[in-house]
Amino acid sequence: MKSLGTINAVKSFEFNNDKIYCFSDNVINVFNTNLNIIREITTTFGYEIKFGKVILFQHNDGDNFYLLDCNEDSIIFESNENYHLIRNMVVNDKIYILNKSKTIDEFNQGFELQNKLSIGRFPKLIMDGRFIKSRDNGGFSCFDIYSQSKLWQLNFSNLLQGQEILQTGNILVSYNKIYFHLYERNEVNNATFCVDVETGVVLNRYNNFGIYLQQQDDCIFTAYNYEYKILYTRTQEVKSVNMEHEFKQYNLHINLSRWVVQNNLLYFVDGIIMPTNRFGIINMETGKLVDLQEVNINDGINNNIREIQVHHNKIFVHCSDNTLHIFERS
């Protein structure tokens, strides 16, 4: 593996087409894929989320929102409505933002206000025409986003058949279905459920599968510790690969949430719960570890990898000392 270099003082980063946006306290540095800086934008805002060709920023004190046109790299919208970002806030061509009066404002991609939605407390998830709330982690309730009428609800204890059932990891939305993981506290009882968004009908249960989920094409992936699993949604087959024998040679583990799949390669950060300064690559066709790298990190406290992403065959490793390391596979 070849190191292409590092970018310092990076608090977070985003991709948009062939540009890399690196955010620090008072500046956004825009790089091309050759890691040459092509633009510097002075700012005072610090929270960002990507959707389409526009990046949305929130001021550090939560007062202002901004839109940046990624083609022109210029601010095209500003609001002082004291908005707060919400999960899955961009759905198809709509943008949802929670404002200070606790209503959800619905905008189009041109950031023109379409609706003010009084949907009560913070939603767990927004989908096209629907939103889901968590019932004190005892279940999900799904509502129509415009009429607020309840469409269906699920009870976690009834689904998993146990006590103290918790939902963990992410919720994956796929082809009008949602996938989510449940586990019974202090027990081995756990499963991922597939639920029809329209009706709330449970379509499938996958025992001992999940926590964090990622989809590519017709496959859903999950990975943790020594193991990765693949759910083939067309056939409902689950393939499980255990790497314990090979991993123990290197005292290596797949981190709970810091991993990504691309082109049959699993890129992962080491460390069961707390990440370390190492990352590896597994060829998922052969089930073999094909690379293991150690990153020099010096923040004086954690010295760990915060995030790993893959873009245009380059590997981006963001570390706790706010350094972004960029690698290219041989």
Side-chain angles (χ1 to χ4, degrees), residues 87-88 123-125 127 132-140 154-175 177-195 197 202-233 236-244 247-248 252-262 264-276 278-282 284 287 289 304-310 318:
R87 294 180 184 87
N88 204 39
K124 184 79 172 178
L125 180 72
M127 299 165 291
I132 288 179
K133 289 184 178 179
S134 176
R135 295 169 30 244
D136 298 322
N137 212 29
F140 287 152
L154 296 171
N155 181 280
F156 291 161
S157 292
N158 291 341
L159 285 179
L160 197 61
Q161 295 296 304
Q163 303 296 320
E164 288 193 81
I165 307 301
L166 302 174
Q167 187 264 318
T168 56
N170 61 320
I171 301 174
L172 178 67
V173 182
S174 172
Y175 303 117
K177 304 179 183 69
I178 58 171
Y179 295 81
F180 57 89
H181 180 258
L182 301 180
Y183 83 99
E184 185 173 6
R185 189 190 296 274
N186 300 324
E187 299 289 341
V188 296
N189 183 20
N190 77 94
T192 287
F193 292 85
C194 173
V195 173
V197 170
V202 177
L203 301 176
N204 285 292
R205 168 178 174 152
Y206 308 99
N207 290 327
N208 302 311
F209 183 91
I211 297 182
Y212 286 91
L213 308 170
Q214 181 188 326
Q215 182 169 17
Q216 281 196 353
D217 300 322
D218 294 318
C219 294
I220 295 176
F221 303 91
T222 187
Y224 178 53
N225 199 3
Y226 297 127
E227 195 171 38
Y228 67 87
K229 297 181 180 182
I230 308 170
L231 166 62
Y232 298 94
T233 58
Q236 299 303 308
E237 175 193 359
V238 175
K239 176 183 177 181
S240 177
V241 179
N242 192 300
M243 305 285 295
E244 183 174 3
F247 274 19
K248 279 191 171 181
L252 191 62
H253 307 271
I254 301 173
N255 184 259
L256 178 65
S257 60
R258 292 169 173 85
W259 55 269
V260 64
V261 174
Q262 188 175 103
N264 286 317
L265 295 174
L266 172 63
Y267 301 81
F268 67 96
V269 178
D270 174 44
I272 300 179
I273 302 297
M274 290 298 296
T276 71
R278 297 189 298 170
F279 72 94
I281 305 173
I282 297 170
M284 302 180 78
L289 181 71
N304 59 30
I305 297 173
R306 288 178 175 170
E307 184 179 5
I308 186 167
Q309 291 193 37
V310 182
H318 187 220

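These numbers were taken from a predicted model, which means no experiment stands behind them. All residue numbers in this chain count up from 1 along the given sequence. FYI, side chains are in, hydrogens and waters are out, and symmetry mates aren't considered; it's all heavy atoms of this structure.
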Using a 4.5 Å cut-off on heavy atoms from C-beta on, say whether the side chain of Ile165 contacts that of Tyr183.
no
If you count heavy atoms of other groups shown closer than 6.0 angstrom to CD of Gln163, is the number above 12?
no
Find the distance between NE2 (His318) and CG (Asn304) and round it off to the nearest 0.5 Å.
11.0 Å
Without hydrogens or angle criteria, can the side chains of Asn225 and His253 be said to hold a donor-acceptor pair below 3.5 Å?
yes
Pairwise distance CD1(Ile211) to NE2(His181) - rounded to 0.5 angstrom:
5.0 Å
Please tell me if the side chains of Trp259 and Tyr228 come closer than 4.5 Å, counting only heavy atoms from C-beta onward.
no
When rounded to the nearest 0.5 angstrom, what distance separates CD1 in Ile281 from OH in Tyr267?
5.0 Å
Heavy-atom distance under 4.5 Å between the side chains of Val195 and Leu203, does that happen here?
no
So Lys229 and Val241, do their side chains get closer than 4.5 Å, heavy atoms only?
no
Residues passing the salt bridge (Lys or Arg N to Asp or Glu O under 4.0 Å) test with Lys248, sequence neighbours excluded, are Glu244
For Leu266 versus Ala223, what's the shortest heavy-atom pair and its separation?
CD2-CB, 4.2 Å
Between Gln214, Lys177, Gln215, which is the residue that forms a side-chain contact (heavy atoms from CB on, under 4.5 Å) with Leu172?
Gln215
If we only count heavy atoms from C-beta on, is the Leu213 to Asn170 side-chain gap below 4.5 Å?
yes
Checking Leu125 against Met127 for the side chain to side chain contact (heavy atoms under 4.5 Å, CB included) test, could you report, in this order, the C-alpha distance in whole Å, the side-chain angles of both residues, the deciding distance, and whether it holds?
CA-CA 7 Å; Leu125 180 72; Met127 299 165 291; 4.0 Å; yes
How about Phe268 and Ile308: do any of their side-chain heavy atoms sit closer than 4.5 Å?
no
Residues at least two apart in sequence or cross-chain that pass salt bridge (Lys or Arg N to Asp or Glu O under 4.0 Å) with Glu164, listed by chain then number, are Arg185
For the residue pair Phe180 and Phe156, categorise the inter-ring angle as parallel (less than 30°), tilted (30 to 60°) or perpendicular (more than 60°).
tilted
Specify the closest pair of heavy atoms between Leu159 and Phe193, including all atoms of both residues, with the distance to one decimal.
O-CZ, 3.6 Å
For a side-chain hydrogen bond (donor to acceptor under 3.5 Å, both in side chains) check, start with the C-alpha distance between Arg205 and Asn207, then their side-chain angles and the critical distance, and finish with the verdict.
CA-CA 6 Å; Arg205 168 178 174 152; Asn207 290 327; 2.6 Å; yes
Verdict with supporting geometry, Ile230 and Met284, side chain to side chain contact (heavy atoms under 4.5 Å, CB included)
CA-CA 10 Å; Ile230 308 170; Met284 302 180 78; 3.9 Å; yes
Sub-4.5 Å side-chain heavy-atom contact between Tyr212 and Thr222
no
Nearest heavy-atom approach of Tyr226 to Leu252 is CE2-O, 3.5 Å
Of Leu166, Asn189, Asn155, which is the lone residue that meets side-chain contact (heavy atoms from CB on, under 4.5 Å) with Leu160?
Asn189
To the nearest 0.5 angstrom, please state how far the CG atom of Asn190 sits from the CD atom of Glu184.
10.0 Å
For the side chain of Ser134 and the backbone of Phe140, is there at least one donor-acceptor N/O pair under 3.5 Å apart?
no
Under the 3.5 angstrom rule, does the side chain of Lys124 hit a backbone N or O of Ile171 as a donor-acceptor pair?
no
For the student: nearest non-hydrogen atoms of Asp217 and Tyr175, plus distance:
O-OH, 4.1 Å
Answer yes or no: is there a donor N or O on one side and an acceptor on the other, between the side chain of Glu227 and the main chain of Tyr224, under 3.5 Å?
no
About how many Å separate CG of Leu289 and CZ of Phe247, when rounded to the nearest 0.5 Å?
5.5 Å
Walk me through it: do Val173 and Tyr179 pass the test side chain to side chain contact (heavy atoms under 4.5 Å, CB included)?
CA-CA 7 Å; Val173 182; Tyr179 295 81; over 6 Å; no
Rounded distance [0.5 Å steps], CD1 in Ile273 versus OG in Ser257
8.5 Å
Quickly, which of Ile254, Asn255, Leu256 forms a side-chain contact (heavy atoms from CB on, under 4.5 Å) with Arg258? Name it, please.
Asn255
Please test Asp218 against Tyr232 for side chain to side chain contact (heavy atoms under 4.5 Å, CB included), starting from the C-alpha separation and ending with a verdict.
CA-CA 6 Å; Asp218 294 318; Tyr232 298 94; over 6 Å; no
